[in-house]
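Read the structure below first, then the notes.
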Amino acid sequence: MADVPARPDVVIVGGGIIGLSTAWQLRQEGVEVLVLDPAPGTGASHAAAGMLAPIHEAYWGESHILRLNLAASKAWPAFADELGVDFVDYRRNGMLMAAYDADDKALLDNLGDLHEQEGLPVERLRRRECRSREPLLAPGVRGGVYSPLDHQVNPRRVVAELLNRVPTLAVSATEVTGNQVVAEDGLVMACQQVVVAAGAWTGRLLGVPIRPIKGQILRLSGPEGLLRLPVRGVVRGSSVYAVPRSDGEIVVGATQEEQGFDTRVTAGGVYELLRDVLALLPGLSEIDLVETWAGLRPGAPDNAPIIGAGDDGIVYATGHYRNGILTAPITAAAVSALVLGRKPPVDLAPFSPNRFHTDGGPSSGAEQPLSGVPG
């Protein structure tokens, strides 16, 4: 970890991949920065599978999110290169989405129509073509979609490397303004700019409509190369994914639960994941189950992240929902540009924190269902 500055220019509240990436970007610009988090790197970033999947995260009515995700995907090769491509296990071998039954195939066909409308480079595959791409798939799969632009990375390694490069302080923030943070121990930190990247806890801290969406995941361990590709399947209407690492680990996830700040791993959650992934990839039944985990994704009512300067003087970098790993480098570049008074590399207007204001104040933050296939 880098040395903690006595008088930081920028204080970042939140030590997940978004906050750490932003801190690193600012340090490269010569800014004295400090990240505050009681347990940096142990939240949603620790639970994430690391799918960098702008294509398979495309949904009807969310073209602005798709554009952001595509820009993020283009930023990843340079980002991974600076961190160490082999160390972070960044791989660009594409991703396969597979349908288990006829109804699931209809859902994928609908998404395929969206892909074609948006001009995305995907291949619609028949049953045999799916199994040619990934022999571990069950013989009964009805078809699928292959995307060469959807990649993967090991987020735990990314976070570990970022923690080595940026200064952190293990405290919680209790009050935040545009240029001051009060920590739980009474420490008051003044600075030129505060950036809030507190994920699911942003709503509690600032009252914006961000809520936690619980995701339980499993980690399996088997022979290297057992699963060739990341596979995201639709099984009887439910979404499940299996993401292989180069060392033989396979991450299986993820449930999507409206349970507040509950991070318990439940028997039902584990059962549902194993039921669906083994229906799709029965060959995984004989390898080791080595870990269960749960994290909290930060979700806004409209699914879009909150990135930009608020009326309160705070710069927001939160609400990335399922795409925090994917969007980390582009969010870091955008927030750094805002802090330094430059034009961001992407249009941030659709992601403004002020979009929730009604009658001069923030929205209530009442829970609303999120659209799209659960992930």
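We use all heavy atoms of the structure for the numbers below, so side chains are in, but hydrogens, waters and symmetry mates are not.
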Residues Trp60 and Asn110: side-chain donor-acceptor under 3.5 angstrom: yes
With Gln216 as partner, the option from Thr292, Thr263, Thr266 fulfilling side-chain hydrogen bond (donor to acceptor under 3.5 Å, both in side chains) is Thr266
Rounded distance [0.5 Å steps], CG in Leu125 versus SG in Cys130: 4.5 Å
Of all pairs that satisfy salt bridge (charged side-chain N to carboxylate O under 4.0 Å, His left out), the ones with a partner from residues 276-290, not counting sequence neighbours: none
Looking at Arg7 and Glu32, is any side-chain nitrogen of the basic one under 4.0 Å from a carboxylate oxygen of the acidic one? no
Pairing of Arg92 and Asp150 as salt bridge, 4.0 angstrom limit: no
Would you compute the distance between atom CZ of Arg228 and atom CD of Glu134 and round it to the nearest 0.5 angstrom? 6.5 Å
Does a donor on one side chain sit under 3.5 Å from an acceptor on the other, for Gln193 and Asp9? no
Can you name the ring-ring contact (aromatic ring centres under 6.0 Å, His included) partners of His46, sequence neighbours left out? Trp293
Can you tell me which residue pairs pass the ring pair (Phe, Tyr, Trp, His ring centres under 6.0 Å) test with a partner in residues 157-206, sequence neighbours excluded? Trp201-Phe261
Show me the donor-acceptor pairs, under 3.5 Å and distance only, between side chains in residues 74-88 and residues at least two apart or in other chains.
unit_1 : atom_1 : unit_2 : atom_2 : d
Trp76  : NE1    : Ile325 : O      : 3.2
Trp76  : NE1    : Leu326 : O      : 3.0

Using modelled atom types and a 3.5 Å cut-off, is there a donor and acceptor pairing between side-chain atoms of Glu129 and backbone atoms of Arg126? yes
Ring pair (Phe, Tyr, Trp, His ring centres under 6.0 Å) pairs, two or more places apart, involving residues 164-186: none
From the options Val243, Asn93, Leu137, select the one residue that forms a side-chain contact (heavy atoms from CB on, under 4.5 Å) with Leu229. Asn93
Taking 4.0 angstrom as the limit, do Arg219 and Glu249 come out as a salt bridge? yes
Between Lys105 and Asp103, does any NZ, NE, NH1 or NH2 come within less than 4.0 Å of an OD or OE carboxylate oxygen? no
Interatomic distance, Leu96 atom CG to Glu123 atom CD [nearest 0.5 angstrom]: 10.0 Å
Examine distances only and state if a side-chain atom of Ser285 and a backbone atom of Pro282 form a donor-acceptor pair shorter than 3.5 Å. yes
Would you give the length of the straight line joining atom CZ of Arg297 to atom OG of Ser45, rounded to the nearest 0.5 angstrom? 12.5 Å
Got a donor-acceptor contact below 3.5 angstrom from the Asp37 side chain to the Gly15 backbone? yes
Looking at Tyr146, does the NZ or CZ of Arg133 lie under 6.0 angstrom from its six-membered ring centre and within 45 degrees of the ring axis? yes
With Phe351 via ring-ring contact (aromatic ring centres under 6.0 Å, His included) - residues at least two apart: His64
If you count every heavy atom of other residues, nucleotides or ligands that lies below 6.0 Å from Arg128 atom CZ, does the total exceed 12? no
If only side-chain N and O atoms count, and only distance matters, is there a donor-acceptor pair under 3.5 Å linking Glu29 with Ser336? no
Could you tell me whether a side-chain N or O of Arg156 sits under 3.5 Å from a main-chain N or O of Ala49, the two making a donor and an acceptor? no
Cut-off 3.5 Å, side chains only: do His320 and Thr331 have a donor facing an acceptor? yes
